[in-house]
Amino acid sequence: MDRSAHAVGVEAAVSILELKNISKNFGAIQAVNDISFSLQPGEVTGLMGDNGAGKSTLVKMIAGNYRPSSGSMMMENVPLEMHKPIDARQHGIEIVHQDLALCNNLTAAANVFLGRELRVGRGPFQVLDYKSMYQKAGQIFAELKSETRPRDLVKQMSGGQRQAVAIARTRLTNPKIVLMDEPTAAISVRQVAEVLNLIRRLRDQGIAVVLISHRMPDVFTVADRIIVLRRGTKVADKKTSESSPEEVTGLITGAIERA
Amino acid sequence: MTTTLEKTIDAKQQSWLSEKLGSQTFWVFMAVVAACVFLSFATDSFATPKNLYNITRNVTFVAMIALGMTMVIITGGIDLSVGSVLCLCSMVLAVVMHAGYNIEVGIAASIATALVIGAFNGILIAYLDFPPFVVTLGMLSIARSLAMVTSGNTVVFEFGPDHQQLLALGGGAWLFGIANPVIYMLVLALITGFVLRWTRFGRYLFAIGGNEHAATLTGVPVKLIKVAVYMVSALSAGIAGIVQTGWLGAVTTNIGSGMELQVIAAAVIGGANLAGGVGTAMGAIIGAALIEVIRNSLGLLGINAFWQGVFIGGAILLAVLFDRIRNLRQRD
Ligand SMILES: Nc1ncnc2c1ncn2[C@@H]1O[C@H](COP(=O)(O)OP(=O)(O)OP(=O)(O)O)[C@@H](O)[C@H]1O
Ligand SMILES: [Mg+2]
């Protein structure tokens, strides 16, 4: 349905997000260096690169966690100015962080809603709406086919359940962009399949998905396009169907300079 | 359907019971009750109205501040300046009222002082990344010194035109013969308990203590919350100072010295974890109660007051030992 709307447009592909010459340095470390690319609705982009290549830094800028040192972002052709994560969420950008960003001392539901708790009441007399948060979190876990229980403390959870909690955060709203930083790092084969299915479902809803992963097969099964970073620089950006695991490996290690 | 329902209800009740039995607060509470029962039989003077009145009132000053301290500890911080802040706030109140202003002005000045000091602590900790221990240790020294400067290191015991009102505020018993400070403490405890469980602010305190980095990533306003929590802590010290001034009827520059240790002890005995992420309002009150009962009972049993530190220190270690054992059992 989204696609037909685009077909009417003049351009072949209307990008939802466009990065122009984005750089980020932490002191002397140049983590991301002059990167430009765009994300299309209903497309899964695999973002690959060696440890320290700058993948997490890049998606954190898109999620409003870091501000770029230079460069600009355009969302649906409007300049995107973000100062904090909430700004990104308001623009429909959701992220699953690499370290999951969970508080062990809180329940699964509390973690899912962290930073955007549901409340009932009026004005200054609003209180946390535990019931709705438990309910909604339970629904999302069911939808994700996860055994996670909303009232359980994250402390006691398995790696897969923790991951489900982090992923569940992206299902609270109807986002336009979902960034997943190694969502399959700590989970079983069955759960990996579940996450990949979720990514496909998101894509079918017209959401732009960015998948960061070191697992070549995962990326090649779901990604429509692959971007490779090496030491902060973009060295490839091409259709998955026109590339191969061998080529991507070469690009990551530097055996192949550019593609 | 019915079986699963029963099962869940069963499970819920079990978890409720096991939660109670597993909570440090519960066992400390039992210890307080046991001590009180024992003392009622072992001494003639414990269960007298006068002694109970004294105990409950004495608990309050430590307990009120322990409520604020618990919030700070939940975020993984610490506030060592509370004793000195109590002194400074008492002194500001005393000096302002002594100068002829009425009680409202005195209290407003005192509370403003507390909030400014709390904000100062909080800003250094949250925005300049100073360790809480160091900042509040510095403030411990600064605030007491300022109290001496404010008063010229004298004792203030005349509080101007509203002298009687101040004494009534702290020393009276307006409700069913319960000492006023006890009422204030209960109200503050209810507010604290409510804030911790039902508000977003409370939720964020736990989130920051649990994983500050995660809280930042998910958009919790970590820095603002930290500033606010040190303001709350200083405020609790200020309120305790005002009430205590009314009760004592005099302010010296050494009141509240060493009090920070009692307050932290109360919070920790009540289950607050110095590593952050855990703590309750109820725990703070019960922890303070245990300390006061220990102090009181030593006197009644005729044990030399020099032993007080041993018993209170022992209580701290026992409470934490209990927590360790529970953690070890969970890990098995
Ligand atoms: N907050 C920070 N402060 C300083 N340096 C940082 C920070 N975050 C990242 N870096 C540096 O930036 C570079 C890129 O890091 P980044 O986390 O983006 O890599 P990555 O591609 O996600 O790696 P991995 O696959 O290991 O997750 C690294 O050299 C890292 O040390
Ligand atoms: Mg990374």
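Per chain, numbering begins at 1; letters A, B, ... match sequence-line order. From a predicted model like this one, the values you see are computed outputs, not experimental measurements.
For the side-chain contact (heavy atoms from CB on, under 4.5 Å) criterion with Thr45(A), the lone passing option out of Val219(A), Val209(A), Leu39(A) is Leu39(A).
Interface residues of residues 121-142 of chain A toward chain B, defined by a heavy-atom distance below 4.5 Å and sorted by number: Gln126(A), Val127(A), Leu128(A), Tyr130(A), Met133(A).
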From CA spacing to verdict: salt bridge (Lys or Arg N to Asp or Glu O under 4.0 Å), Arg67(A), Glu81(A): CA-CA 9 Å; Arg67(A) 301 193 64 185; Glu81(A) 263 295 314; 3.1 Å; yes
Trace of the side chain to side chain donor-acceptor pair (under 3.5 Å) decision for Glu260(B) with Ser81(B): CA-CA 7 Å; Glu260(B) 55 281 346; Ser81(B) 66; over 6 Å; no
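Distance check: Ile239(B) CD1 to Met185(B) CE gives 13.5 Å after rounding to the nearest 0.5 Å. To the nearest 0.5 Å, the span separating CE on Met73(A) from CD on Glu18(A) amounts to 12.0 Å.
At a 4.5 Å heavy-atom cutoff, Asn111(A) makes no contact with chain B through either its backbone or its side chain. Within the 4.5 angstrom heavy-atom criterion, atoms from both the backbone and the side chain of Leu114(A) approach chain B. Residue Arg116(A) touches chain B through its backbone alone, counting heavy-atom pairs closer than 4.5 Å.
Scanning both residues, Ala281(B) and Gly193(B), for their nearest heavy atoms gives CB-N, 3.6 Å.
The most heavy-atom pairs under 4.5 Å with chain A, out of Thr199(B), Thr216(B), Asn211(B), Leu217(B), come from Leu217(B). For the options Leu100(A), Asp99(A), Asn104(A), heavy-atom pairs under 4.5 Å to chain B are most numerous at Asp99(A).
Stacking of Lys24(A) on the aromatic ring of Phe26(A) is recorded, both the 6.0 Å distance cut-off and the 45° axial limit being met.
Between the side chains of Gln98(A) and Ser56(A), at least one donor N or O sits under 3.5 Å from an acceptor N or O.
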